[in-house]
Amino acid sequence: MGQWAVAVHGGAGVWRDQDEGRICTGVAAAVAGARAVLDGGGSALDAVVAAVLQLEDDELFNAGTGAALNRDGDAELDAAVMSGKDLRCGGVAALRGVRNPVLVARRVMEASPHVLLAGEGARRFAQEQGFDVEYDPVTARAREVWVARSKAGPTLEPPSPAGDTVGAVALDRNGHLAAATSTGGTILKLPGRVGDSPIPGAGNYASAWAACSATGRGELMMRLLAAKALCDRVQAGAAPQPAADSLLVLMRESVGADAGFILVSASGEVGIAHGTPAMPHAWQRQGAPVQARFRCG
Ligand code: GLY
């Protein structure tokens, strides 16, 4: 049996005027959720879903309950899961009325012949699978932020006043890798807009060599298929940290670096990088204490 490793992020962004301690507690708790699975010999897939579930239910993060709202003031949620050992993946996009989109994404992977379901079709699938589709993920805080940003009108500020997206990557004791990512997307996005998170290879990817969850302005990740690019770099021999650092340099020079990444390799090495002011994250390797940070450096 090998040794497990896990990393989670709570979203790259500005995170202005936020309680850093409370947010780091949130990402550390998500690692604890994954650790409980991995310590018991559970799969990387179960571990990343457990971590993301926890962050979707924590209204401080932009995913599930508390997600950022679109131009119309509605929550349209994106999520994905991917299993590295067999390249199976599933995702949902612009999904409404569901508490935990990551669970529906997993069900798309396991109970449908498809990889990605969007909008009303995704919601009908969730309902057919027994999920409550009348859940309201909109919190008072998300509504307040939306009202303030709507009044401000067009602005040059970053799209998200706090963070963007949650994600988890894990290596289990059998040497298998998985990734899961979930988001409300960018605040004031056009209805129907789909970001990188549910797109395999853009915001979420796992292979036999590495697993990656991306965060930041999805339009950037989609242009470079950033999550797969990072897994490919690890497959080609790069260590996760320099791989993530150098991809951010490439992004800064080409499409923009409003982005962040977590990745873990098949040898349990972790890479964490962001081009934004902050990206709360936490990681742990078997036998070592959990590490939680509000930003890198
Ligand atoms: N990275 C999340 C999004 O752009 O939707």
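All ligand and atom numbering here is 1-based and tracks the order in the structure. We use all heavy atoms of the structure for the numbers below, so side chains are in, but hydrogens, waters and symmetry mates are not.
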Inset, instruction - Would you confirm whether Thr215, through its side chain, and Asp164, through its main-chain N or O, come within 3.5 Å as a donor-acceptor pair? - result: yes

Legend entry - Option among Val234, Asp232, Leu230 that satisfies the side-chain contact (heavy atoms from CB on, under 4.5 Å) test with Cys212: Leu230

Inset, instruction - Taking the side chain as every heavy atom from C-beta outward, state whether Ser43 and His176 have any atom pair closer than 4.5 Å. - result: no

Legend entry - Glu110 vs Val81 side-chain heavy atoms within contact, under 4.5 Å: no

Legend entry - Test item: His281 side-chain N/O and Met279 main-chain N/O as donor-acceptor pair under 3.5 Å: yes

Inset, instruction - Using modelled atom types only, decide if a donor and an acceptor are shared between the side chain of Arg107 and the backbone of Gln129 within a distance under 3.5 Å. - result: yes

Legend entry - Residue Thr165 vicinity, atoms of ligand 1 by number, heavy atom under 4.0 Å: 1 (N), 2 (C)

Legend entry - Residue-ligand contact Ser197/ligand 1, heavy atom below 4.0 Å: yes

Inset, instruction - Report the nearest protein non-hydrogen atom to atom 5 (O) of ligand 1: residue, atom name, distance rounded to 0.1 Å. - result: Arg193 NH1, 2.6 Å

Legend entry - For Gly216, atoms of ligand 1 separated by under 4.0 Å from a heavy atom: 1 (N), 2 (C), 3 (C), 4 (O)

Legend entry - Within reach of ligand 1, part of Asp78 (heavy-atom separation under 4.0 Å): neither

Legend entry - Per-atom contacts of ligand 1 with Asp164, taking only distances under 4.0 Å to non-hydrogen atoms: 1 (N), 2 (C), 3 (C), 4 (O)

Inset, instruction - For ligand 1, find out whether one of its N or O atoms is nearer than 3.5 Å to an N or O atom of Asp196. - result: yes

Legend entry - For Gly185, the ligand 1 atoms whose distance to one of its heavy atoms is below 4.0 Å: 5 (O)

Inset, instruction - Side-chain contact test, heavy atoms from C-beta onward, threshold under 4.5 Å: evaluate it for Leu116 versus Val108 and give yes or no. - result: no

Inset, instruction - Check ligand 1 against Gly195 and write out every atom of the ligand that is under 4.0 Å from a heavy-atom position of the residue. - result: 5 (O)

